[in-house]
Amino acid sequence: MFPMNSDTSNMGSPAEKKSFSLSTHRKFGEVLHDLKFLNQEQIDSALERSAEKRMRLGDLLLAEGLLSEDQVAQALSAQYEIPYLNLEGVPLDSDLSRHLPERMARNFSLLPVSFEDGVMTLTSHDPIQFLKLENLKSILPGQIELRISPKSQIENAVGRIYNDEHSVDKIVKHLSKKQSRKKTSLSLTAVVGPYKDSAPSIESLVNKFIGRALMDRASDIHIDPAEEKVRVRGRIDGILHELYSYPPELHQSVASRIKVLSNLDISERRQPQDGGFHHSGGTRPVDIRVSTLPTAYGEKLVLRLLDKEKMKGNLSQIGMSPEIEGEVQTLLQRPHGIIFITGPTGSGKTTTLYSMLNQINAIEKNIITVEDPIEFKFDVINQVQVNEKAGLSFAGLLRNILRQDPDIVMIGEVRDQETADLAIRAALTGHLVLSTIHTNDAVSTPTRLMDMGVEPFLLASGLSAILAQRLVRVLCVHCRKRVPLSEADAKILGTRFLKAGTPVYEPVGCEKCLHSGYQNRIALFELMRVDDVVRRAFIERKPESEILQHLMENGFISMRQDGVAKIVAGITSIEEVLKATL
């Protein structure tokens with residue numbers, strides 16, 4: 001397919017210049033041994049596991065953390081005699097993106113690096129995968145040379161050249177000029193027309209916003225109109241960062257484009273609206289939930305990016321310690337009782353609920369959920385959408401669901417006494433019930449339910465456990481700094497498990513984490529099991545402090561203690577834990 005080294009003398013005639021081949025006489029394990037990345041015993045053991053799991057050796061070693069992406073790339077470079085290219089600090093030319101479709105670059109982690117003297121240089125993380133792209137022959141100009149780079153480096157670079165600010169600036173300038181020349185050029189036809197990534201259009205502008213947000217791991221996009229400009233911000237690891245801005249005269253068209261995609265009324269600008277759409281471009285497909293709100297300078301739009309991959313995780317992947325996970329697994333095996341997950345808005349309660357459903361989903365069980373909205377669709381599980389306008393409330397739907405012979409019922413949120421009473425009565429009549437509620441911690445949840453009007457004896461009989469959680473940011477492993485714990489911080493954290501001088505980590509900031517010092521988020525948990533003493537305390541309406549004292553004497557792990565364990569493990573920082581557990 002292409003020459004495997006930088007020598008182009010054997011490339012053949014122009015008619016043969018795109019006849020590609022790939023050959024090697026060395027096995028990947030041999031290369032790893034020669035490079036001294038692993039010893040022979042480690043390689044032999046990994047070969048057995050890769051055969052059992054039917055995984056390529058490099059993929060297995062990468063997944064198990066025995067090799068880094070950089071080491072895999074270097075080994076592939078040596079195996080196939082393709083030059084290795086470290087992209088750190090390499091200047092990128094966004095104009096090269098016109099030669100390679102964005103979807104192909106993202107889906108196959110393929111980056112155009114340079115085009116000089118009729119030679120197009122590409123870099124890939126996987127030469128085997130590259131061989132399958134036969135249609136590259138007809139897409140790319142000139143002769144093709146290949147390099148090997150780490151996958152994450154390629155994905156970051158692809159994000160920069162296909163979503164860089166310069167390309168957005170060009171689109172905005174083009175649309176602004178078009179707007180000033182002819183108002184009708186941004187009519188409804190332009191707004192709802194087919195997407196063309198290569199043409200400067202409202203469609204391509206909206207697509208850039210979404211693509212950049214996905215690249216930066218944002219959970220939400222905020223489009224905020226103001227007098228001088230419209231800001232596009234992304235919520236990354238819980239913090240809003242400005243991504244782009246554009247002139248106010250383009251906002252109506254941007255809002256209309258998003259509303260058309262979301263099946264909303266584009267003529268209605270005075271009332272809030274909610275909708276959504278599926279976005280399949282970019283690095284991965286996502287469902288996008290859209291909310292509009294009238295403001296002084298136009299409609300504010302919030303796009304919630306619902307990443308389905310995150311909803312497929314298990315309890316340990318979301319940060320649950322082995323001790324708490326073991327207790328939760330035991331609770332999920334019970335035939336009846338109610339488990340509440342509590343925390344403020346945006347604390348990851350829905351993700352935890354879905355992780356629990358992943359654990360117990362089985363063909364033998366009739367599982368029914370009531371949600372508002374349904375954020376992820378399961379096989380086998382029956383999911384029902386709340387629709388207040390049509391008279392389908394949580395309480396109303398729950399009454400009907402209980403006539404459907406369910407084994408397990410999931411209620412998206414308990415908001416009122418009627419829903420709470422029905423949920424607890426369902427738990428008392430032989431059903432396992434999972435739900436969420438907004439409270440500050442586990443111990444205050446029973447008080448909140450009783451304030452709603454739930455009778456203490458019902459609570460004592462039906463409640464199995466309360467799981468409280470908060471999200472904290474995860475330290476970037478590429479730049480975190482190891483430091484000794486100060487005496488002042490040890491006192492503030494207030495736990496016997498941490499002493500002054502204990503090694504901990506603090507954030508620094510680098511290009512990989514957008515100079516924030518953090519990448520991704522993880523949950524802190526505390527689990528309150530309801531035993532006989534706690535049940536009696538409910539009935540006698542004992543103060544929360546007495547319940548907490550009993551729990552602490554019987555092995556209760558608070559969110560603060562869970563956070564301290566994550567500090568010691570180098571997962572998060574003191575600042576994040578203090579902010580979440582004050």
Judged by atom type as modelled, is there a donor-acceptor pair below 3.5 Å linking the side chain of [X] to the main-chain atoms of [Y]?
X	Y	result
Arg470	Asn440	yes
Gln469	Ser347	yes
Thr342	Thr439	yes
Thr419	Arg415	no
Gln519	Val477	no
Arg289	Leu303	no
Thr572	Arg473	yes
Asp265	Ser267	yes
Lys349	Ser435	no
Asp562	Ser558	no

So, [X] and [Y]: side-chain donor and acceptor under 3.5 Å apart, yes or no?
X	Y	answer
Gln383	Glu371	yes
Ser355	Asn358	no
Glu299	His251	no
Gln329	Gln333	no
Tyr518	Ser573	yes
His279	Asp287	no

Taking the side chain as everything from C-beta on, heavy atoms only, tell me whether [X] gets closer than 4.5 Å to [Y].
X	Y	value
Ile522	Ile318	no
Thr350	Phe376	no
Val232	Ile221	yes
Ile367	Met410	no
Thr436	Val414	no

Scan Arg233, Arg212, Arg231 and name whichever one has a salt bridge (charged side-chain N to carboxylate O under 4.0 Å, His left out) with Glu242.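 Per the salt bridge (charged side-chain N to carboxylate O under 4.0 Å, His left out) rule, the option paired with Glu242 is Arg231, out of Arg233, Arg212, Arg231.
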Kindly say whether the aromatic ring centers of Tyr354 and Phe378 come within a distance under 6.0 Å.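 Close enough - the centres of the two rings lie under 6.0 Å apart.
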More than 12 heavy atoms of other residues, nucleotides or ligands under 6.0 Å from CG of Asn263: yes or no? no
